[in-house]
Visitor: 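Dumping the structure here so I can ask a few things about it.
Quick note on labels: first sequence line is chain A, next is B, and so on, each numbered from 1.
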Amino acid sequence: MSSKLSKLLRSPVVLAYAGLTDEELMAKIQQGSLSAYEALYNRYEVSVWNFMRVKISDEQARLDLAQDVFLKLFNSASLFKTDQAFRPWFWAMIRNVIIDHFKRKDALSSSMIKEEIQDDQINENQLFNDPTFDLLVQKNHSEAVENCFNHLTDSQKEVLSLQLFSGLSLQQIADQVKIKPGAVKSLLFRGKDSLMKCLERCT
Amino acid sequence: MKNKKWNELQKKLSQEAPTRLRHNVFSKIENERDTSFLKMGTIAASLMTVAFISFWSWQKTSMPLIEEGVVESIEMQELLENQDLFAEVDTMELEEEDWQILIGATI
């Protein structure tokens with residue numbers, strides 16, 4: 001564990017709000033609590049940043065967009081209904097910020113439709129618990145993995161990065177990108193397959 | 001349901017967020033809060049000024065009339081001209097002068 005992370009985990013804000021759910025923290029933010037916001041920020045800072053890293057190659061643009069996401073979270077807190085789930089709401093917001101940035105919502109949706117091949121036959125357990133894949137990733141340097149990841153199609157990158165960093169379920173990812181869960185599995189499977197082939201070439 | 005993940009891939013693609021991000025976000029929020037407090041203060045001050053001016057102007061124009069009894073008698077006349085006269089007026093609280101106006105109006 002990095003020193004920054006261990007320091008963060010011991011901070012009074014994290015300790016005070018550790019037992020609260022995201023939705024409870026949002027309720028406190030709606031009442032004007034900046035500490036609750038800080039606690040929520042701490043929970044999502046790393047995952048949002050890494051999702052942005054996958055999506056946005058330009059570092060300054062990535063920083064600006066990550067900043068926009070967190071400011072939007074604070075400014076739109078009053079719009080959140082505390083009886084709804086926070087995570088899908090928040091990730092929808094993140095995706096919208098990115099889509100707005102690129103102004104290519106239609107292009108992204110059409111590329112999704114092209115790849116929307118439903119495949120319910122893919123075994124989830126086989127897809128996620130693959131020792132060969134894990135070993136290949138482990139053997140390669142971060143740069144090589146990132147390079148291979150960047151060679152995936154936009155749709156594959158989209159669902160893979162949501163799977164890796166958002167903590168959303170397959171159904172929730174499907175709802176976010178507006179395709180069927182079978183199509184999400186198919187994109188994950190093909191993305192993983194492409195990554196494996198690329199990493200094999202690098203090894 | 002616990003989300004399944006490719007832990008190795010996640011580790012390789014993960015990086016700590018730069019401290020600049022935290023700094024930028026929180027300083028912007030602080031600034032926005034300060035600005036909104038300032039705005040609210042300005043609005044409150046403006047409302048108080050308007051309220052004071054309204055009160056002052058009312059006092060200046062209406063008080064002499066009230067003191068002279070002009071306003072009271074006009075209001076009483078209006079009340080007496082109303083059909084629901086006795087529903088509106090508490091006759092127990094009427095002064096002698098009011099009774100005279102009341103009798104005059106009902107004849």
Visitor: Ring centroid separation for A:Phe70 and B:Phe26, is it under 6.0 angstrom?
Guide: no

Visitor: More than 12 heavy atoms of other residues, nucleotides or ligands under 6.0 Å from NZ of B:Lys28: yes or no?
Guide: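 No, not enclosed.
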
Visitor: Check A:Phe165 against B:Ser14 and note the closest heavy-atom contact, atom names and distance.
Guide: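 Distance-wise, the nearest heavy atoms are CE2-OG, 3.6 Å.
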
Visitor: I want to check something: taking the side chain as every heavy atom from C-beta on, are B:Gln15 and A:Glu146 in contact at a cut-off of under 4.5 Å?
Guide: no

Visitor: Do you know which two heavy atoms are closest between B:Ile29 and A:Leu34, and how far apart they sit?
Guide: CG2-CD1, 3.7 Å

Visitor: Side chain from CB out, backbone as N, CA, C, O: work out which of these in A:Leu73 comes under 4.5 Å of a heavy atom of chain B, or both, or neither.
Guide: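 Neither part; nothing is under 4.5 Å.
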
Visitor: Using a 4.5 angstrom heavy-atom cutoff, name the option from A:Phe74, A:Tyr41, A:Phe149 with the most pairs to chain B.
Guide: A:Tyr41

Visitor: Please round to the nearest 0.5 Å and tell me the distance separating atom CD of B:Gln10 and atom CG of A:Asn50.
Guide: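 It is 8.0 Å, given to the nearest 0.5 Å.
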
Visitor: Who pairs with A:Ser142 by side-chain contact (heavy atoms from CB on, under 4.5 Å), at least two apart in sequence or on another chain?
Guide: B:Lys12

Visitor: Report the option among A:Leu136, A:Asn75, A:Leu195 that has the most heavy-atom pairs separated by less than 4.5 Å from atoms of chain B.
Guide: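 Most heavy-atom pairs under 4.5 Å with chain B: A:Asn75.
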
Visitor: Quick one: does A:Asp134's side chain have a donor or acceptor within less than 3.5 Å of a partner on B:Glu8's backbone?
Guide: no

Visitor: How far does CG of B:Leu9 sit from CG of A:Leu199, to the nearest 0.5 angstrom?
Guide: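 The CG atom of A:Leu199 is 8.5 Å from CG of B:Leu9, to the nearest 0.5 Å.
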
Visitor: When heavy-atom pairs shorter than 4.5 Å are enumerated against chain B, which of A:Asp130, A:Val48, A:Leu127 gives the highest number?
Guide: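 Top option by heavy-atom pairs under 4.5 Å: A:Leu127.
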
Visitor: Considering only heavy atoms from C-beta outward, does the side chain of B:Lys11 approach that of A:Leu164 to under 4.5 Å?
Guide: no

Visitor: Ignoring hydrogens, what is the shortest heavy-atom contact between A:Gln67 and B:Leu21? Give both atom names and the distance.
Guide: N-CD1, 3.5 Å

Visitor: What orientation do A:Phe133 and B:Trp6 show, parallel under 30°, tilted 30 to 60°, or perpendicular over 60°?
Guide: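 Perpendicular.
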
Visitor: Heavy-atom cut-off 4.5 Å, strictly under: side chain, backbone, both or neither for A:Gln171 against chain B?
Guide: neither

Visitor: Are more than 12 heavy atoms, taken from residues, nucleotides or ligands other than A:Glu59, located less than 6.0 Å from that residue's CD atom?
Guide: no

Visitor: Does the side chain of B:Asn24 reach to within under 4.5 Å of the side chain of A:Leu63, using non-hydrogen atoms?
Guide: yes

Visitor: Go through the steps to decide whether A:Phe128 and B:Asn7 satisfy the test side-chain contact (heavy atoms from CB on, under 4.5 Å), and finish with yes or no.
Guide: CA-CA 9 Å; A:Phe128 295 110; B:Asn7 290 329; over 6 Å; no

